[in-house]
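Down below is the structure, laid out as structure tokens.
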Amino acid sequence: MVTSTFLLRFVTLALVLTTICADEGRSGLKEEKGMCDMVLNGTGYPCTEYTVETADGFLLGLQRISHGIEKSHGANKYPVLLQHGLFQGGDGWVLNFPGQSLGFILADEGFDVWIANGRCTRWSHGHKSYSRHDRGYWDWTWDELAQYDLPAMLEFIVTTTGSRVFYVGHSQGTILGLASFTQPAVTDMLAAAALLSPISYLDHISSNFINSAAHHYIDRMVKTMGLREFNLRSEVGVRLMDWVCQREDVDCGDLLAAITGPNCCFNVTRIPYYLQFEPHSTSLKNLAHLAQMIRRGTFCKYDYGFVGNLQHYLSLTPPNYDLTTIPGSLPLWMASGGNDALADPVDVVHTIEQLQRKPEIVVLPDYGHIDFILSIQAKVDLYDGIVAFFRAHADRCKAGISQVI
Ligand SMILES: *[C@@H]1O[C@H](CO)[C@@H](O)[C@H](O)[C@H]1NC(C)=O
Ligand SMILES: *[C@@H]1O[C@H](CO)[C@@H](O)[C@H](O)[C@H]1NC(C)=O
């Protein structure tokens, strides 16, 4: 039974917002205004919008906060790229107040902050030939985010700044990060990486909501609907949530907690503000890929079935991402949460075991999945640690960089 007031509120909002999304569809692919105007205007922080084209034709939105409020001119030295997770966009890094949000804190600490936006999120700018009504526009999973989106953004930043880049990923941002770090061309462009709620294996996920969706529904939806957008604000998104919440083993009393695990520390009175921007769309195929990982415990490319795999990969099974090939020279920092229903401690250990270089690790027993970006005390719990970690490896930004550019 769907009884929670939170869920009802969410659904009502979702219906209202569906209208807005439909308008977005009509006006083409582009928001009238970018994230700088819509989210950062009025904060006092400088913000510049860039568009980066991927090798497969997607036009990504990339924002730069080149310095903090105090500093009146000149860009800071060390570039950091912030990569959001599933159903999120770059706004997640600046939704709380300065002194709470990682995007603002890094800018105030002297970093040159770049905010990534995956293909097909609200702050990206479509595709050079597909419209959002074309199949090709939604024919991707995080494989493509790792193969095209992240390298394109890193190349742009390295070329613009002449420096290697620090990386921060959250959730799906750690999946595509770890997958991408197996490519030497990518790690050559990185100074160090901090992974919040690190994920590569997903078979111990403790969210009943997600498990249930992964085991019973997602593939069926892909089969009946084909390659499509998945938008939690749309009719289909709301229907999926209803289906899943009607199952006996799923308690949707607090929907967010049902999905992410209980979050200790985000600001509940700020939810209406968060919902002005979140959640963002993803592709149904991407959800199907994540569901494959949950069911099988693999960290590999999308499984098309025997015939499709032969066509795509010249092998019957999809290729693995081999975490042991991530170079030991790349400094890593990780933080995981005791209440995180998506990055389960068992899966996190599985990831770490395979890495050549053991990361610095912070464990926060009270943290759920969303706390890593929205906790009001994340500065003390996490972000000060990230700043110190990056400063300790700042020499890697410029060393031998001429060979990379
Ligand atoms: C940005 O803020 C200024 C001053 O507060 C305002 O005049 C302007 O309309 C805002 N721009 C947008 C896009 O909201
Ligand atoms: C929580 O959010 C509300 C609404 O934006 C804000 O007024 C309040 O100051 C926030 N509290 C903290 C501790 O940030």
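Whatever order the structure lists ligands and atoms in, that order sets their numbers, starting from 1.
- Listed by chain and number, the residues in a side-chain contact (heavy atoms from CB on, under 4.5 Å) with Val346 are His204, Asp344 (sequence neighbours excluded).
- For Tyr274, there are no ring pair (Phe, Tyr, Trp, His ring centres under 6.0 Å) partners at least two apart in sequence or on another chain.
- The closest side-chain donor-acceptor pair between Tyr367 and Asp381 falls under 3.5 angstrom.
- Gln356 is linked by a side-chain contact (heavy atoms from CB on, under 4.5 Å) to nothing, counting only residues two or more places apart in sequence or in another chain.
- One finds no salt bridge joining Lys77 and Asp112 here, because no Lys/Arg side-chain nitrogen approaches an Asp/Glu carboxylate oxygen to under 4.0 Å.
- Ion pairing between a basic and an acidic side chain is recognised when a charged N comes within 4.0 Å of a carboxylate O; Arg391 and Glu109 show such pairing.
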At less than 3.5 Å, what protein N or O atoms come close to the N or O atoms of ligand 2? Include the distances to 0.1 Å.
from     : atom 1 : to     : atom 2 : distance (Å)
ligand 2 : 2 (O)  : Asn267 : OD1    : 3.3
ligand 2 : 2 (O)  : Asn267 : ND2    : 2.3
ligand 2 : 2 (O)  : Thr269 : OG1    : 3.4
ligand 2 : 5 (O)  : Arg270 : NH1    : 2.8
ligand 2 : 11 (N) : Asn267 : ND2    : 2.9
ligand 2 : 14 (O) : Gln100 : NE2    : 2.9

